[in-house]
Amino acid sequence: MNKKRGQNNKNNENNKNNLTNNIDQIFDSFIKQTIFQNKLILQGNYTPETIPHREKQIAQVAAIIAPSLRLERPSNLFIYGLTGTGKTLVVQYIKNQLFKRAEKQNVSLIIPYINCKLKKVADTEYRILVELIGKLGEKVPATGLPTDQLYHRFLNLINRKKQIVILILDEIDQAVKKIGDEFLYNLTRINTELTNAQISIIGISNDLKFLDTLDPRVRSSLGEEEILFPTYNALQLQKILRDRAKDAFKPNILSEGVIAKCAAYAAREHGDARRALDLLRIAGELVERNNKRKITLDYIDKAKQKIEVDKIILAVETQPKQFQLTLLAIIELFKKNKEKNKIFTGDIYNFYRELCKRTRTEYLTQRRVSDIIAEFDMQGVINAKVISKGRYGRTREIRLDLPTNLLDKINHLLVDSLNL
DNA sequence: CGAGATTCATGTGAAGTATACCTTTAGGCTTAA
DNA sequence: AAGCCTAAAGGTATACTTCACATGAATCTCGTA
């Protein structure tokens with residue numbers, strides 16, 4: 001991205017009248033020389049026809065929710081496994097199949113899918129309900145209504161006729177971590193108030209120990225059935241990649257060993273298939289951007305770097321202003337005293353106050369900043385631990401395990417977006 | 001020298017406040033008979 | 001008189017503040033060996 005911008009600038013300086021021409025050229029080269037046959041196939045939300053090495057899990061899930069086709073309530077299901085092990089994919093796949101079948105048999109099924117991780121979309125009980133009702137085709141305000149009224153609306157909405165609702169809650173551990181497990185209890189209890197419809201819940205979690213942290217009541221009802229998704233090994237990853245690459249790229253685009261390398265990288269990170277596919281896709285995009293016709297091994301490395309950078313950059317970019325200021329304070333402090341490698345809340349807060357003064361921004365209290373730091377920790381941007389320094393008090397010890405070049409990038413990004 | 005008290009800097013919980021937004025309601029205005 | 005619009009009243013969620021108390025190991029204190 002940066003590279004492209006740089007080129008544009010240069011052209012711009014050379015001859016402003018040529019600008020549209022140049023853009024045209026860029027577009028042209030994109031259209032003509034694509035090495036992709038169907039890039040969608042490599043994208044994260046694509047559901048392929050077959051899912052290799054997940055036959056057993058598919059069968060299990062299908063067996064568990066099959067009763068819905070007879071309008072019987074399926075057991076609640078809890079699915080867990082590390083990221084990129086195909087949990088969401090399998091569930092989506094079965095959801096589609098189930099829909100087809102339900103249509104044929106004239107059974108009324110509703111299967112809303114909600115990702116609880118999305119900040120500002122579904123990270124409170126209220127917002128999850130808003131999202132849920134929205135999926136059912138009804139608009140509700142983003143604020144202002146009592147939560148239990150949302151429950152009532154939801155209830156009435158699905159109870160209008162005899163039907164089964166299978167609620168899919170992805171990244172459920174994130175939501176519970178943030179807002180507690182009470183909403184799950186409420187959801188599981190809805191059934192007792194439903195006369196026509198029935199609801200069951202599919203919870204998906206990346207956290208293997210998540211179920212243990214739940215309130216026993218919730219645990220027993222949510223975990224009526226449990227399925228573990230094991231990680232893929234390198235060989236399985238290769239098969240997955242090969243299957244998808246076959247249709248995604250035009251022939252003769254991949255050099256020898258590209259797939260193996262992608263698979264090896266992903267296998268090293270607990271067999272994350274999504275990661276492997278991203279690697280392949282990004283590598284392809286990079287190749288295309290450089291007007292080459294062949295994905296070579298070194299592009300995989302480039303793609304790997306780009307993914308890591310992009311992921312964090314995106315996370316940083318989308319933060320609210322106060323969060324950005326806090327993060328900037330953390331990063332600047334780290335750059336200042338590199339040798340120490342750890343900093344404390346108090347230092348951050350002071351520096352943060354200074355930054356606020358510089359940007360003429362209202363500053364938040366330390367109480368709030370403390371919570372913000374805790375949130376960054378949860379998001380995995382920083383690494384914080386509450387420690388006691390004995391006589392010298394108690395604080396969070398914050399570490400930042402990011403490569404320096406990335407650090408600088410974020411730094412610049414923040415400085416830019418905050419107008420410093 | 002060691003057990004227990006003290007201390008510091010901030011974590012953390014609860015309650016309160018400001019803001020933005022929602023629904024309800026009542027009054028006022030328009031309209032059409 | 002019926003219908004519609006508007007503004008006020010009363011309510012909620014969320015982000016933040018204020019207040020108050022909790023934490024936990026380094027350090028201090030003081031009695032004892």
Asks: Please report, rounded to the nearest Å, how far the P atom of dT19(B) is from the CD atom of Gln322(A).
Replies: 15 Å

Asks: What I'd like to find out is whether the side chain of Leu333(A) reaches to under 4.5 Å of the side chain of Ile348(A), using heavy atoms alone.
Replies: yes

Asks: Reading DNA chain B from 5' onward, which residue's closest nucleotide shows up sooner: Gly346(A) or Arg367(A)?
Replies: Gly346(A)

Asks: Counting distance only, does the side-chain N/O of Asn159(A) pair as donor-acceptor with the main-chain N or O of Asn196(A) below 3.5 Å?
Replies: yes

Asks: Side chain of Pro146(A) only, heavy atoms from C-beta on: which candidate in dC28(C), dT12(C), dG24(C) is closest?
Replies: dT12(C)

Asks: I want to verify a distance call: between dC22(B), dT12(C), dT10(B), whose nearest atom is closest to the Leu145(A) side chain?
Replies: dC22(B)

Asks: Rounded to whole angstrom units, what separation is found between the CD1 atom of Ile133(A) and the C1' atom of dC22(B)?
Replies: 14 Å

Asks: Which nucleotide wins on minimum distance to the side chain of Thr143(A), given the candidates dT14(C), dC21(B), dG11(B)?
Replies: dC21(B)

Asks: Looking only at the side chain of Arg368(A) (C-beta and beyond, no hydrogens), which of the listed nucleotides dT14(C), dG24(C), dC16(C) gets closest?
Replies: dC16(C)

Asks: Which nucleotide sits closest to the side chain of Arg396(A): dA20(B), dT23(B), dG11(B)?
Replies: dG11(B)

Asks: Can the ring centres of Phe183(A) and Tyr185(A) be said to be less than 6.0 Å apart?
Replies: no

Asks: Atom CG of Leu364(A) to atom C1' of dT17(B): distance rounded to whole Å?
Replies: 15 Å

Asks: Is Lys385(A) salt-bridged to Asp377(A), cutoff N-O under 4.0 Å?
Replies: no

Asks: For Tyr349(A), which contact category applies under a 4.0 Å heavy-atom criterion: base, sugar-phosphate, or nothing?
Replies: nothing

Asks: Given atom CZ of Arg127(A) and atom C1' of dC21(B), what is their separation to the nearest angstrom?
Replies: 13 Å

Asks: Looking only at the side chain of Thr365(A) (C-beta and beyond, no hydrogens), which of the listed nucleotides dG11(B), dT18(C), dT12(C) gets closest?
Replies: dT18(C)

Asks: Taking atom types as they are modelled, would you say the side chain of Arg394(A) forms a donor-acceptor pair with the base of dT23(C) within the 3.5 Å cutoff?
Replies: yes

Asks: From CG of Leu129(A) over to C1' of dC22(B), roughly how many Å is that when rounded to an integer?
Replies: 16 Å

Asks: Of the nucleotides dT10(B), dC22(B), dT17(C), which has the atom closest to the Thr345(A) side chain?
Replies: dT10(B)

Asks: Are any of Thr124(A)'s side-chain N or O atoms less than 4.0 Å away from OP1 or OP2 of dT14(C)?
Replies: yes

Asks: Ignoring hydrogens and angles, tell me if any N or O in the side chain of Arg399(A) forms a donor-acceptor pair with the backbone of Asn383(A) under 3.5 Å.
Replies: no

Asks: If I take atom OH in residue Tyr392(A) and atom C1' in nucleotide dT10(B), what distance separates them, rounded to the nearest angstrom?
Replies: 16 Å

Asks: If only side-chain N and O atoms of Thr395(A) are considered, is one of them under 4.0 Å from the OP1 or OP2 phosphate oxygen of dA9(B)?
Replies: no

Asks: Gln149(A) has an atom CD; how far is it from atom P of dC21(B), in whole Å?
Replies: 19 Å

Asks: Let me know the distance between CD of Glu375(A) and P of dG11(B), rounded to the nearest Å.
Replies: 15 Å

